[in-house]
Amino acid sequence: MSEQQPNPYASDPGQGDEYKWGPGTPSYGYPQPYPQPPAYQPTIGGAGIPAQMPPTAGAPMGYPAAGLSLGDITIAGDQIITPSGAMPLRGAVWNATDFSRTEEKIPAHAIVLAIIFFIFCLLGLLFLLMKERRTTGYIQITVNSAGRHHSTMIPAVDPGTYMWVMSQLNQARALSM
């Protein structure tokens, strides 16, 4: 008969520990438990985040003030606060996509004035040079940090909105390094 070998995966019988099935404690790269979302919905930059209190003798420092806010994404101290929970600021990846457009058309009153003044003199055709510009759409901002993702849309109100969002985004990228 053959001799039976001891099981190398079994626990040491002297310690009394039993094998526990399933994952151990969470570690980097392993799914983390979801944190609870904040009890507020930030709609204004820094809304719901306590401002940093001035240092006083013997008193601890307060919470950091909101440094930057893009839609419902707020940067406070070393965290990115979103409606789906907080993410670490360090190593965050920021992206922006422009879904806005600017239309240019001749307004109706310019056409009416061109017809009226064309009858009297040919200078009425200059009213057709009047243009009306209108910007519509959104700018999408996404942030990825610690394996989590959040996206928000900011309405475009004029052609300079995208440049403003990009300047805010570049500041957020600088803080993430």
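From a predicted model like this one, the values you see are computed outputs, not experimental measurements.
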Worksheet item: Who pairs with Glu132 by side-chain hydrogen bond (donor to acceptor under 3.5 Å, both in side chains), at least two apart in sequence or on another chain?
Response: none
Worksheet item: Hydrophobic cluster mates of Leu123, side-chain heavy atoms under 4.5 angstrom, ILVMFWY only, any path?
Response: Leu126, Leu129
Fill in: Counterpart residues, side-chain hydrogen bond (donor to acceptor under 3.5 Å, both in side chains), relative to Thr135 (two or more places apart)
Thr102
Item to complete: Would you please name every residue forming a ring pair (Phe, Tyr, Trp, His ring centres under 6.0 Å) with Phe117, sequence neighbours left out?
Response: Phe127
Item to complete: Output all residues satisfying salt bridge (charged side-chain N to carboxylate O under 4.0 Å, His left out) with Arg133, sequence neighbours left out; order by chain, then residue number.
Response: Glu104
Practice prompt. Could you note down all residue pairs passing side chain to side chain donor-acceptor pair (under 3.5 Å) where residues 166-177 supplies at least one of them, sequence neighbours left out?
Written response: Trp94-Ser176, Asn170-Arg173
Item to complete: Sort and list the pairs that fulfil ring pair (Phe, Tyr, Trp, His ring centres under 6.0 Å) and have at least one residue in residues 152-177, not counting sequence neighbours.
Response: none
Item to complete: Mind checking side-chain hydrogen bond (donor to acceptor under 3.5 Å, both in side chains) for Ser151 and listing every partner two or more places apart, or none if nothing turns up?
Response: Gln140
Worksheet item: Just checking, any donor-acceptor pair under 3.5 angstrom between side chains of Asn144 and His150?
Response: no
Response to the item:
Sorted by chain and number, sequence neighbours left out, side chain to side chain contact (heavy atoms under 4.5 Å, CB included) with Pro155 holds for Tyr138
Worksheet item: What pairs with Arg101 under salt bridge (charged side-chain N to carboxylate O under 4.0 Å, His left out), at least two apart in sequence or on another chain?
Response: Glu103
Discussion item. Taking transitive links into account, so neighbours of neighbours count too, which hydrophobic residues share a cluster with Met177 at under 4.5 Å side-chain distance?
Written reply: none
Discussion item. Please enumerate all residues that pass side chain to side chain contact (heavy atoms under 4.5 Å, CB included) together with Asp158, with sequence neighbours excluded.
Written reply: Thr161
